Amino acid sequence: MITAALAGNPNSGKTTLFNALTGANQRVGNWPGVTVDKKEGWVKKDRSLRIIDLPGIYSLSPYTLEEVISRDFLLDEKPDVVINLVDASNIERNLYLTTQILDMGIPTVIALNMMDVVRKAGDRIDTKKLSQSLGCPVVEISALKGEGLEDLLREAAAAAGQKKAPFERRFSAPVEQALEKIGALIAGAVPEERRRWYSIKFFEQDAKAAEKTGLAPEALGAIDKIIKEGEKALDDASASIITGESYDYITGITSACIKKSRKGLSASDKIDRVVTNKWLALPIFAAVMIFVYYISVTTIGAIVTDFTNDTLFGSWIMEPLAGWFEEIGTAGWLASLIVDGIIGGVGAVLGFVPQMLVLFLMLSLLEDVGYMARVAFIMDRIFRRFGLSGKTFIPLLISSGCGVPGVMASRTIESERDRRLTVMTTCFVPCGAKTPIVAMIAGAVFGGVWWVAPSAYFVGLGAVIISGLILKKTRPFAGKAAPFVMELPSYHVPAMGNVLRSMGERGWSFIKRAGTIILMASIVVWFFSSFGFVPAEDGGGTSFAMVEEMDESMLAVAGTKVAVIFRPLGFGFWQATVASIMGLVAKEEVVGVFGVLFGVEGDALGLVEDGDFGALSPIAAPFTMLTAYSFLVFNLLCAPCFAAMGAIRREMNSGKWTAFAISYMCVLAYAAALMFYQFGILIAGAGFSLGSVVAIAVLALIIWLLVKPAWTEKKAAAPLAAEAAR
Amino acid sequence: MGNLRQVEVGSTVKVVKINGEGALKRRIMDMGITKGCEIFVRKSAPLGDPLEVQVRGYELSVRKADAELIEVE
């Protein structure tokens with residue numbers, strides 16, 4: 001079996017090539033411990049050729065996660081051959097990665113993609129000459145049309161495992177001298193075929209590569225001196241010297257191999273002139289976003305979600321099944337477990353899928369067309385203040401419809417740090433299922449005043465902003481912001497195959513990895529809310545049985561005990577606690593549960609939707625305006641529904657991060673509701689109390705978190721020399 | 001002489017030096033902005049920041065704060 005690593009720049013058509021080579025024979029997973037997708041597949045016609053799709057990268061520097069993953073794979077897993085995809089229409093920058101791969105001494109075949117674009121522009125590339133200059137085979141392909149793939153595979157198989165002649169590129173004299181001296185110092189500590197590569201890495205002061213060798217501090221000190229000499233001779237930092245000379249080397253090659261025709265603006269340039277035009281950019285952006293939202297949330301999304309939830313699972317499956325169970329005399333608890341617990345839980349998972357597929361289709365389209373990078377370009381100015389990426393706009397927007405696809409939409413953010421921060425904050429935006437809670441509070445307690453609903457959005461957005469500002473300074477997030485030096489790829493017609501495949505992959509990964517958590521949680525809550533200790537029928541003692549009404553359930557008993565922790569927030573009665581817990585199943589449940597627990601005549605959710613707040617007055621009874629709003633704040637910000645938690649778990653790809661995210665939301669919700677209620681009663685003249693002290697302390701803590709300096713890792717910034725001296 | 005931030009939209013400049021250090025500087029250079037290369041400043045984003053520049057035949061977006069690190073002539 002031959003293992004080939006597929007490496008290339010983002011936007012070079014790597015996904016298209018990977019799909020064209022492997023077809024359906026692929027597996028999507030994660031690189032261990034991180035949120036980066038790992039794809040591997042087998043060549044359709046030749047199953048002995050395995051292909052690992054490395055993340056799209058521009059360089060093998062030690063700074064970004066994707067780059068480190070890729071180079072660790074190339075160094076440690078030792079693939080037999082590297083297929084390096086090069087976008088011929090953007091050849092200079094693409095060849096930069098090529099030089100770094102060639103330095104590693106692994107047999108490499110270059111797949112020169114998008115030659116049709118080059119020809120169309122009237123340019124010519126001499127591939128033979130290019131192959132000679134780089135010392136490796138170059139195959140012209142079109143990943144989109146599937147052309148040249150057989151040649152590519154033949155070359156790859158031929159090159160695999162061969163002892164490759166060392167890459168013949170020479171740096172300037174001072175660098176070569178330094179590399180030679182370093183090479184002599186590290187001989188023996190590194191594999192011989194990697195000596196050149198390690199020499200270059202040491203010269204670049206690449207701490208990650210140096211770590212791998214475990215070289216003695218004395219040797220590191222000597223190397224440091226050699227670097228200093230080189231830097232002095234060329235008057236630049238060593239890493240910059242290497243990068244600069246790499247590009248000079250590439251320019252030398254391209255000027256010999258490429259004939260440019262100097263035609264006018266390309267079609268992509270013309271599109272961009274309009275789309276990110278000073279005046280038109282924002283209106284076009286708004287139109288695109290409204291369209292995406294309208295299709296994936298308001299219309300198609302809502303229709304298919306309602307259909308799967310209410311009609312498919314509700315009327316078509318659950319009701320007939322319940323009736324049938326009754327007919328054949330199944331035990332009540334078993335019927336309830338299957339219908340309400342399991343099918344209800346499965347429905348909660350699958351109900352989101354159609355909407356998600358629609359959204360993913362939209363996002364994949366935006367990505368494939370090239371507009372997603374423009375979203376980041378346009379929104380960057382606003383979002384970077386809060387430590388977020390411009391692309392965070394889309395998850396936030398979608399979350400105002402539903403947090404589940406909102407969380408999943410964070411996929412499009414490249415930097416893991418930004419992605420995690422987005423996943424943690426996006427559920428603060430009030431979703432569609434939270435609006436009935438808002439409407440209930442506004443209608444039943446506040447008499448329908450207009451400002452409650454908009455204020456809920458301000459609370460949500462405020463939480464996003466404050467969280468961004470606070471979290472970006474904390475240890476897991478500080479200082480790791482990926483530099484925003486972003487390629488704006490050429491616009492192109494989307495490859496529908498890619499778009500559909502990406503949609504399918506994302507949908508499936510939600511079912512698979514978010515599904516289990518949602519199903520389990522739904523069953524657990526079903527159990528605790530359906531069973532309880534009730535007076536035994538023969539009159540003596542109690543027995544454990546299924547309960548008629550929720551107020552006899554274990555959940556209600558536990559709720560009564562737990563309710564006390566909500567007393568400082570003003571709603572320390574058990575019904576509010578139980579409703580909040582049931583809200584984890586689905587947020588609109590809060591309204592339904594209140595209806596049941598306070599004995600509202602009819603379906604509370606339906607009454608809210610109809611605006612019939614008179615009938616809801618029993619719900620309003622235990623609340624004052626202050627406690628009701630405090631309850632609202634808590635429920636807007638606390639842990640989202642199980643489906644969203646499942647989505648968070650899937651996107652974080654880590655139990656620890658998921659727990660951290662959910663705990664953070666709960667703590668923030670508690671703190672916000674506490675401050676709101678305590679300052680509220682203080683202003684209303686209730687007098688200074690312990691609660692006020694705590695609220696002031698919480699406020700002070702938040703202000704401190706907002707203004708404190710960011711957490712810095714001094715060690716990370718220290719150069720190699722300091723490391724060696726220690 | 002000056003830095004990339006000060007360059008007028010629509011003009012082409014030549015890179016003299018890249019200041020800064022660590023990941024940011026490396027990233028700027030990895031993307032092809034190296035000593036001696038030409039940069040065409042295409043436009044600034046609708047909200048004023050970042051900039052869109054053309055370098056080595058492709059479009060790149062750079063924040064103004066980062067553009068200050070790039071000395072040009």
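Here the structure is a predicted model, which is why all the values come from computation and not from measurement.
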So which part of A/Pro62 gets closer than 4.5 Å to some heavy atom of chain B, the side chain, the backbone, both or neither? side chain

Under 4.5 Å from a heavy atom of chain B, the part of A/Ser268 involved: neither

Quick one: CG on A/Asn94 to OH on B/Tyr58, what's the gap to the nearest 0.5 Å? 9.5 Å

Taking side chain as everything from C-beta outward and backbone as N, CA, C, O, which of these in A/Phe377 sits under 4.5 Å from a heavy atom of chain B? Side chain, backbone, both or neither. both

Name the residue from A/Ser246, A/Ser59, A/Ser240 that meets the side chain to side chain contact (heavy atoms under 4.5 Å, CB included) definition with B/Met29. A/Ser240

Output for pair (B/Arg27 CZ, A/Thr243 OG1), nearest 0.5 Å, gives 13.0 Å

Strictly distance-based, threshold 3.5 Å: is any side-chain N or O of A/Tyr247 a donor or acceptor partner for the main-chain N or O of B/Asp30? yes

Can you check whether B/Glu59 reaches A/Glu487 side chain to side chain, under 4.5 Å on heavy atoms? no

Once you round to the nearest 0.5 Å, how far does OG1 of A/Thr276 lie from CZ of B/Arg42? 8.5 Å

Just do the side-chain contact (heavy atoms from CB on, under 4.5 Å) check on B/Leu60 and A/Val485 with the steps written out, would you? CA-CA 7 Å; B/Leu60 190 66; A/Val485 183; 3.9 Å; yes

Checking the side chain of A/Arg381 only, and the main-chain atoms of B/Leu47 only, is there a donor and an acceptor separated by less than 3.5 Å? yes

Hey, is A/Asp272 close enough to B/Lys43 for a salt bridge, meaning N to O under 4.0 Å? yes

Rounding to 0.5 Å, atoms CZ (B/Arg56) and OG1 (A/Thr254) come to a distance of 8.0 Å

With side chains defined as the heavy atoms from C-beta onward, is the minimum distance between B/Ser44 and A/Lys278 less than 4.5 Å? no

When rounded to the nearest 0.5 angstrom, what distance separates CE in A/Met486 from CE in B/Met31? 9.0 Å

Side chain, backbone, both or neither: which part of B/Asp49 has an atom under 4.5 Å from a heavy atom of chain A? both

Using a 4.5 angstrom heavy-atom cutoff, name the option from B/Lys25, B/Lys17, B/Glu52 with the most pairs to chain A. B/Glu52

To the nearest 0.5 Å, tell me how far A/Ile242 CD1 sits from B/Thr34 OG1. 13.0 Å

